[in-house]
Amino acid sequence: MFYITTAIDYANGDPHLGHALEKIGADAIARYHRMRGDHVHFLIGMDEHGQKVAQAAAAEGVTPQALVDRVAARFQAMWERLGISNDQFIRTTAPEHAIGVKALIERIFERNPDDFYEKTYAGWYCVGCEAFKTDSEIVNGQCGLHPTRTLEWVEEWNWFFRLSRYRDFLRTHFATHPTFLGPESRRNEILALLDQGLEDVSASRSRLGWGIPFPRATRDGDLQTTYVWFDALPNYLTATGYPDPSYSARWPAQLHVVGKDITRFHCVIWPAMLHSAGLPLPAAVWAHGFVTLAGGERFSKSAGVHVELAEAVERYGPDAFRYFMLREVPFDGDGAFSWERFGERYTADLANAFGNLASRSIAMVERYCAGVVPAGEPNEIDAADAADYARYREAMDGTRGYLLQDALRSVWLTVARGNEYVDRQAPWKLAKDPTQRTALERVLATLIRQLIRQAAHLAPVLPERAEELWRQLGAPGSVHAQRFGAPLAALDPTGWRVIRGDSLFPKEREPVAPSLP
RNA sequence: GGCAGGGUAGCUCAGCUGGUUAGAGCACGGCACUCAUAAUGCCGGGGUCGCGGGUUCGAGUCCCGCCCCUGCUACCA
């Protein structure tokens, strides 16, 4: 079981490039594992509680539930358009989630009763935001969002979780599980944090209305609302059906794909919660970077900055967008989005290099072999490609980190090899000489074998276009049903009937006027 | 402020434990070819390797100082 998750998105706006990057990256990993033969369960979803949602709903004059229903529908529509292959979509407002959260908290109360205790939480409270503010949110002693209001020093009686107790456990876990968190830079940051020591965190809030009731009243009889850590993070667990015993069939998760800004929550608070409850920890957390703009403005989950995601997706289609995001934004760091770059990548990589290689190869099989793929034995081209695919594999399976951009780079090395091979062999010349018939067939068979592998290895990133190429190659079944390794290596296209179709990545269409640099 | 990581061709970056004329892709220029989405292949122009010292026969690659950028430095999801 390969259980992979993305962070759940906060329901206070429309999906943007940052949301999309994370889903696309995780989707590629999930699809890759399916094609390895793993039993994959891919979870994404929404975080729908909290003050900001409640306020946004109030501002619109709708109920919070109505608001999040609408937002969730928009997100789901976008993920569908992008070909995200999630098996499940969890929403924290779902009744089953509340049941799971309550069960998790109760389990901690039972196993480690000392881990929950009551204490006063104190901080600067902004009446306008109806929320506590951190130092970074306070500008000149005022709330950045409500500069005219005065911040009040407010204290409230809350449930706390004894996170501090888990420092040594976490340090040991990081030491004994070197691949628990990647990339390396994020791991080092968390190790530094653990060296500093940990403070306990709030588990409930009294002034928060929109959320899951904390299962136990405080000593003065106050039934509070579960604070974010114990509401949002457990979604990965509650999605398995927890506390139904069947949850153990899926838990623990193999991989949490999250943004670098929430690494700490996933690598410190979440593991501590699980350990306190006596539940196994996820195998790994991968913290990806952000999509930036030329000006350096960044997209994070709730930064509120928007590029027209829909426009970017429709410019060259969902698959091209998926490719651009994963190729241009290194999955272990930040990368910039620009229309110019997008255009260059589309033309150079997708249309000219890959699309055209497919086009010219299929056209020659049709022209010189009546559309039937001739026989041919694997040769030095296959061997060279195999070395590139070995690197592809390492990038996709996380062996040295989920460097998806390197996986794509590797595939494109095989594409370049194919184009070079065609020019060197010049099949159009061989075709003019009947005595060169065997050589011609060998060349064309080699090209088709290359395309088979390219289609398969690109299927996780270009699910729809790879399938279309598969169809044009006259290959049986679906490209997504292929299995990496021996089965793919043994696949012989001899006798397939190619079906020349439209260009995989057409260039003629005139781009819409860009709205961004 | 502290800790960490960076500043290499127009752009994005590779350059391992110091060693012949500093590399790749894209972009740009020329040539070749015609199967192909005027695509592809080949060749080429282009870099004070952030700045200043130092060690060394020799430094992008080590040491010191400085400048600049980014991340982290916990209760916003």
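Naming convention: chains lettered A, B, ... in sequence-line order (proteins, then strands); numbering from 1 in each chain.
- Across all strands shown, C72(B) pairs with G2(B); the Watson-Crick or G-U wobble distances both stay below 3.5 Å.
- Both tests pass for R162(A) against the ring of Y117(A): distance under 6.0 Å to the centre and angle within 45° of the axis.
- Y346(A) and Y323(A) have their aromatic ring centers separated by at least 6.0 angstrom.
- For the pair R345(A) and M364(A), nearest-nucleotide mapping onto RNA chain B gives the more 5' position to R345(A).
- Across all strands shown, nothing is found opposite A38(B) as a Watson-Crick or G-U wobble partner with both distances under 3.5 Å.
- Checked options F160(A), F230(A), Y227(A); the residue passing with F116(A) is F230(A) (criterion: ring-ring contact (aromatic ring centres under 6.0 Å, His included)).
- When both distances must be under 3.5 Å, the Watson-Crick or G-U wobble mate of C33(B) does not exist.
- Base pairing analysis places G19(B) opposite C57(B); the two distances defining the Watson-Crick or G-U wobble pair are each below 3.5 Å.
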Item checked: side chain to side chain contact (heavy atoms under 4.5 Å, CB included) assessment of R437(A) paired with C369(A) -> CA-CA 10 Å; R437(A) 185 69 195 174; C369(A) 302; 3.7 Å; yes

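- Comparing R424(A) and L350(A), the nucleotide of RNA chain B nearest to each residue sits closer to the 5' end for L350(A).
- Counting atom types as modelled, N356(A) pairs a side-chain N or O with a base atom of A36(B) as donor and acceptor under 3.5 Å.
- If you take CZ of R417(A) and P of U40(B), they are 17 Å apart, rounded to a whole angstrom.
- Nucleotide A24(B) is matched to U12(B) when pairs are restricted to Watson-Crick or G-U wobble geometry with both distances under 3.5 angstrom.
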